[in-house]
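So the structure is just underneath, and the comments pick up after that.
Computed from a predicted structure; not experimentally measured.
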Amino acid sequence: MTDRKRVGILISGRGSNMSALIEAARAPDYPAEIVGVLSNKAAAPGLEIAASHGIATASLAQSKFPSREMFEDTMTLMLESWEVDYVCLAGFMRVLGEDFVNRWAGRMINIHPSLLPDYKGLDTHARVLAAGETEHGCTVHYVSPGLDEGEAILQARVPVLPDDTEETLAARVLAEEHRIYPEALKMLVLGQV
Ligand code: GRF
């Protein structure tokens with residue numbers, strides 16, 4: 001396919017959603033290619049996985065910058081050097097400032113392990129279990145200035161089973177994350193959202 005959109009991924013850790021996007025983008029008819037992976041943690045295992053696929057990688061520690069703005073401006077410079085059209089957050093564990101979010105508005109998406117607007121923030125699986133919910137899931141959404149508040153693009157639902165632990169529930173949700181994230185990115189770049 002010609003004219004595939006160029007995508008940069010921001011990670012902080014293991015990068016399993018990143019891997020799902022990389023795998024999907026290997027299909028010749030997938031409308032996007034992953035051109036760079038940026039981590040705010042040098043030790044993020046996802047960086048090595050991306051590099052093993054021949055994808056450009058970089059790590060930038062926010063603590064090395066005098067301000068969050070300068071850190072985020074540098075991320076933008078890096079993404080622009082890769083000429084990315086879209087940005088995917090995949091387990092990027094930093095709240096982003098308004099300038100950065102506005103810079104990529106409509107072109108930056110995130111995956112969150114809950115049925116937003118329910119259970120924004122961290123520890124979603126434990127909170128879902130503690131609340132006795134019977135249903136849980138994940139959401140791909142646009143990134144907007146409020147945490148986990150951007151408009152939803154795609155959701156998947158899973159049952160919460162009586163004997164679920166945080167681990168079993170997280171694994172069931174994660175399998176759905178890996179399914180819907182590539183699907184949502186495809187919809188976005190094809191203008192089908
Ligand atoms: C996923 O559960 C994702 O929904 C959340 O952070 C986790 C990242 O996992 N935003 P991974 O690095 O993609 O494996």
Side-chain angles (χ1 to χ4, degrees), residues 4-22 24-25 32-114 116-117 119-125 138-153 170 174 177-178 181-182 184-185 188-189 193:
R4 300 171 93 205
K5 296 297 182 191
R6 297 173 66 82
V7 175
I9 303 180
L10 304 190
I11 63 168
S12 299
R14 69 187 165 180
S16 72
N17 279 289
M18 174 208 75
S19 296
L21 293 171
I22 291 173
E33 60 179 318
I34 312 305
V35 297
V37 173
L38 185 52
S39 174
N40 67 323
K41 302 256 180 246
L47 284 174
E48 259 183 50
I49 299 170
S52 75
H53 287 274
I55 295 169
T57 62
S59 73
L60 293 174
Q62 182 170 332
S63 58
K64 298 261 167 65
F65 291 83
S67 68
R68 179 167 85 178
E69 287 68 29
M70 291 180 80
F71 164 67
E72 293 179 354
D73 286 350
T74 307
M75 288 208 295
T76 288
L77 285 176
M78 191 62 96
L79 293 164
E80 286 178 344
S81 78
W82 292 332
E83 299 181 351
V84 313
D85 302 302
Y86 294 91
V87 177
C88 290
L89 307 187
F92 185 70
M93 301 301 285
R94 278 260 164 215
V95 176
L96 294 163
E98 213 159 315
D99 284 355
F100 187 84
V101 170
N102 289 335
R103 170 73 184 73
W104 297 98
R107 300 189 295 141
M108 180 159 63
I109 59 178
N110 180 44
I111 181 118
H112 181 76
S114 80
L116 291 174
Y119 300 100
K120 297 170 183 170
L122 297 174
D123 299 325
T124 58
H125 310 303
C138 51
T139 305
V140 179
H141 63 95
Y142 285 109
V143 178
S144 68
L147 182 66
D148 301 327
E149 280 191 346
E151 195 187 333
I153 295 171
L174 193 64
E177 294 183 32
H178 297 164
Y181 209 177
L185 176 62
L188 179 71
V189 307
V193 179

query = For Glu80, does the CD atom sit with more than 12 other heavy atoms under 6.0 Å from it, leaving out its own atoms?
reply = yes

request  = For residues Cys138 and Leu174, determine if any side-chain heavy atom of one lies less than 4.5 Å from a side-chain heavy atom of the other.
outcome  = no

key: Value rounded to 0.5 Å, distance of CZ in Arg107 from CZ in Arg103   = 5.5 Å

key: Donor-acceptor contact below 3.5 Å, side chain Thr124 vs main chain Tyr119   = no

remark   = Thr139 meets the side-chain hydrogen bond (donor to acceptor under 3.5 Å, both in side chains) criterion, sequence neighbours left out, with Gln155

message = I'd like to check the side-chain hydrogen bond (donor to acceptor under 3.5 Å, both in side chains) partners of Ser144; sequence neighbours left out, ordered by chain and number.
response = none

request  = Measure the shortest side-chain to side-chain distance between Tyr142 and Leu188 over non-hydrogen atoms and say whether it is less than 4.5 angstrom.
outcome  = yes

key: Inter-residue atom distance Arg4.CZ - Ile34.CD1, 0.5 Å rounding   = 8.5 Å

Which residues share a side-chain hydrogen bond (donor to acceptor under 3.5 Å, both in side chains) with Thr57, sequence neighbours left out = none

ask   = Does Asn17 reach the side chain of His178, with side-chain heavy atoms less than 4.5 Å apart?
value = yes

Check: residues 82-95 side-chain donor-acceptor pairs under 3.5 Å, at least two apart:
unit_1: Asp85; atom_1: OD2; unit_2: Arg6; atom_2: N; d: 2.7
unit_1: Arg94; atom_1: NE; unit_2: Gln62; atom_2: OE1; d: 3.2
unit_1: Arg94; atom_1: NH1; unit_2: Gln62; atom_2: OE1; d: 3.4

Spacing of Met75 atom CE and Met70 atom CE [to the nearest 0.5 Å] = 13.5 Å

message = Could you measure the distance from the OG atom of Ser52 to the CD1 atom of Ile22? Nearest 0.5 Å is fine.
response = 7.5 Å

ask   = Does a side-chain heavy-atom distance below 4.5 Å link Val7 with Leu21?
value = no

inquiry  = I'd like to check the salt bridge (charged side-chain N to carboxylate O under 4.0 Å, His left out) partners of Arg68; sequence neighbours left out, ordered by chain and number.
reply    = Glu72

inquiry  = Around atom CG of Asp99, are there more than 12 heavy atoms from other residues, nucleotides or ligands closer than 6.0 Å?
reply    = no

key: Spacing of Ile49 atom CD1 and Arg14 atom CZ [to the nearest 0.5 Å]   = 10.0 Å

key: Side-chain heavy atoms of Asp148 within contact of Asn110, under 4.5 Å   = yes

key: Trp104 and Leu79, any side-chain heavy atoms less than 4.5 Å apart   = yes

Straight-line distance of Leu122 CG to His112 NE2, nearest 0.5 Å = 8.5 Å

inquiry  = Among residues at least two apart in sequence or on other chains, which ones pass side-chain hydrogen bond (donor to acceptor under 3.5 Å, both in side chains) with Glu149?
reply    = Lys120

ask   = Which heavy-atom pair separates Ala184 from Val140 by the least distance, and what is that distance?
value = CB-CG1, 3.6 Å

